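One structure below.
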Amino acid sequence: MSKHSSADQAPIPTAPVPPAHWAASYEEEPTQASAPPQPNGMTALKPFGWAKDNLFNTPLNTALTVACLFLLWLVVPPMANWLLLNASWSGSSEACREAAGACWSVIVVKHRLIFFGTYPYDEQWRPFLACALFVAMLGASGVRAFWRPWLAVAWTLTLVGMGVLMWGGVAGLTYVPNDRWGGLPITLMLSVFSIALAFPLSILLALGRQSSLPAIRTFCVGFIEAMRGVPLVSVLFMASVMFPLFLPEGVTVDKLLRALAGMTLFTAAYLAEAVRGGLQAIPKGQYEAADALGLSYWQKTMLIVLPQALRIVIPPIVNQFISAFKDTSLVTIVGLYDLLTAATVATTDPEWRPYFAEVYVFAGLMFWIFCFSMSRYSQWLERLANRYTRR
Amino acid sequence: MTANAIIELRKVGKWYNSYHALRDVSITIGKGEKVVVCGPSGSGKSTMIRCINRLEAHQTGHIIVDGIELTDDVKAVEKIRRKVGMVFQNFNLFPHLTVLQNLTLAPIWVRGMAKSEIEEIAMMYLKRVRIPDQAHKFPGQLSGGQQQRVAIARALCMRPEIMLFDEPTSALDPEMVKEVLDVMTELAGEGMTMVCVTHEMGFARQVADSIVFMAEGSIIESGSPAEFFENPKSERTRQFLGQILEH
């Protein structure tokens with residue numbers, strides 16, 4: 001097709017070698033082996049030299065270092081004693097009363113109640129299996145090699161399987177109505193489903209907020225501002241108490257579903273603002289280039305704008321996810337038993353009542369495990385997304 | 001020339017609020033013609049060529065491209081954008097896509113071409129702009145000159161009948177200007193209709209069929225390069241040429 005050979009033209013520098021400073025930005029992750037020697041003598045061989053250079057280099061730093069060490073000495077040993085060394089790990093509540101430290105036996109005794117709430121005791125293998133399946137699928141969905149069409153099929157099967165396990169009523173499983181569900185399954189399902197539904201909704205809201213059609217723009221702005229202007233507790237309360245009043249007689253919407261809807265709408269409003277931040281960071285030239293190539297609005301949005309905008313806002317989006325995960329504990333006000341509520345119920349047993357602190361530490365640890373995993377995953381995702389794009 | 005006109009602007013006017021950006025701009029460009037538009041900054045030259053594919057909407061007058069009048073009708077705009085390729089000052093490559101994906105995206109989604117077919121064509125265009133070895137890199141890894149050549153190849157992949165260039169070399173380091181101008185010169189030699197806003201007077205003299213000089217939103221004069229450079233009609237043109245040819 002080339003009608004001109006380049007031979008008869010002035011020599012053209014074909015593809016000049018990029019300057020060295022680019023190389024670092026696009027090569028695979030630099031290996032540790034090629035890392036430059038660390039500055040200011042921070043090597044393992046000279047810990048005293050390092051401490052002298054960094055912790056005791058000025059009188060002020062010396063004073064601060066000493067003060068910090070003193071604080072640590074005040075806090076860490078008693079904490080370690082309570083948490084681990086003097087703790088009672090098994091046995092009855094009598095054994096706990098004699099021990100000076102934490103009473104972890106309460107977790108051993110009450111863990112079924114904390115994890116599964118009022119689900120029939122003998123059937124609790126079912127929510128356990130459902131949660132294990134769910135967490136395994138969530139983990140698998142994070143692996144890049146599994147981002148294939150069959151993942152959607154696997155998810156469909158998982159959700160059906162979870163429904164069968166939780167509700168039962170088929171295949172010889174006894175029926176368990178969802179007002180008896182509680183604990184970890186409620187926390188996991190409410191948070192994951194509300195986030196999964198809120199995310200696409202938030203993108204539509206963010207796009208709608210920038211729409212040139214006044215009706216759509218006004219609706220989106222109104223919705224976002226209304227949701228952001230009220231506490232989640234009141235949204236849940238409205239969904240749970242007031243919403244049924246508007247329904248015709250005889251029509252009922254499940255309590256769990258109403259709470260899910262409330263959480264979804266609330267999370268979507270916050271996420272929409274995070275997504276809007278990303279949309280606004282996309283240079284005008286990107287829109288113009290897409291327009292000039294003849295892409296339609298949706299092609300431009302899905303292929304050019306969103307892939308770039310969402311990359312930029314991974315940190316605030318995950319922040320919102322983490323926030324939503326923790327906010328599930330507020331569904332207690334509409335009478336649902338999430339993990340934290342189930343833990344509270346576990347402390348009402350007179351025999352174990354003195355050990356409520358241990359129960360809450362344990363519940364906190366459960367929340368922390370999930371939130372910390374999300375946070376670490378987002379860091380990995382960010383590195384993956386920004387590997388090649390210098391911005 | 002009017003007989004085979006492919007772009008026709010008739011008394012086009014445009015305002016940004018109260019700022020009058022284009023004043024009764026009329027110009028006819030024939031098929032295969034190369035037009036260089038020059039003028040001081042703020043003269044409306046970029047606005048004018050951005051009206052031709054409706055990145056900007058004009059408010060009065062008529063713009064007719066290949067027999068289709070540009071109006072608010074989205075279908076007409078889409079039709080024209082398929083025929084008109086554009087190259088921007090700041091390249092505007094899609095940074096999240098590889099060079100090859102930048103080239104094939106629009107043909108796949110807008111023209112509905114098969115991926116294998118358009119990839120072959122895209123590689124051919126990359127060879128023509130002399131960077132086939134960069135196909136699988138991301139735009140951020142290329143030099144400015146290379147990025148602009150990718151942008152030209154991207155526009156060509158849509159098989160346009162008209163190419164618009166909006167100051168294609170203004171954002172480039174001086175040593176990269178030549179590689180981009182060479183590609184444009186080659187393209188001109190193949191009979192492409194080109195409208196180019198540029199300050200590269202050497203390129204204008206060598207390639208242009210006619211040169212249009214704009215100031216304050218109006219076309220002050222237009223003519224062949226010989227006339228324009230040797231014998232400018234208006235005082236305003238002489239002043240402009242004096243300023244840019246001095247150094």
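Below, chain A is the first sequence line, B the second, and so on; all start at residue 1. In this text, all values refer to a predicted model and were calculated from it rather than measured experimentally.
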About how many Å separate [atom2] of [Y] and [atom1] of [X], when rounded to the nearest 0.5 Å?
X	Y	atom1	atom2	value
A:D291	B:R50	CG	CZ	10.0 Å
A:I304	B:N102	CD1	CG	7.5 Å
B:F94	A:L293	CZ	CG	5.0 Å

Completion exercise
Listed by number, the residues in residues 54-67 of chain B that come under 4.5 Å of chain A (heavy atom to heavy atom) are B:L55

Practice task
Select all residues of residues 76-88 of chain B having any heavy atom within less than 4.5 Å of some heavy atom of chain A, and report them by number, or 'none'.
Solution key: B:E78, B:R81, B:V84, B:M86, B:F88

Does atom [atom1] of [X] have more than 12 heavy-atom neighbours from other groups under 6.0 Å away?
X	atom1	value
A:Y287	OH	yes
B:E120	CD	no
A:W155	CH2	yes

Completion exercise
Bottom line for B:N90: the part with an atom under 4.5 Å from chain A's heavy atoms is neither

Problem - Under 4.5 Å from any heavy atom of chain A - which part of B:R111 - result: neither

Practice task
Can you tell which part of A:Q299 gets under 4.5 Å to a heavy atom of chain B, answering side chain, backbone, both or neither?
Solution key: side chain

Handout entry: B:H96 side-chain N/O to A:L303 backbone N/O, donor-acceptor pair under 3.5 Å
Key = yes

Practice task
Output yes when a side-chain donor or acceptor of B:N92 lies under 3.5 Å from a complementary backbone atom of A:G285, and no otherwise.
Solution key: yes

Problem - Heavy-atom side-chain proximity of A:L295 to B:V110 below 4.5 angstrom - result: yes

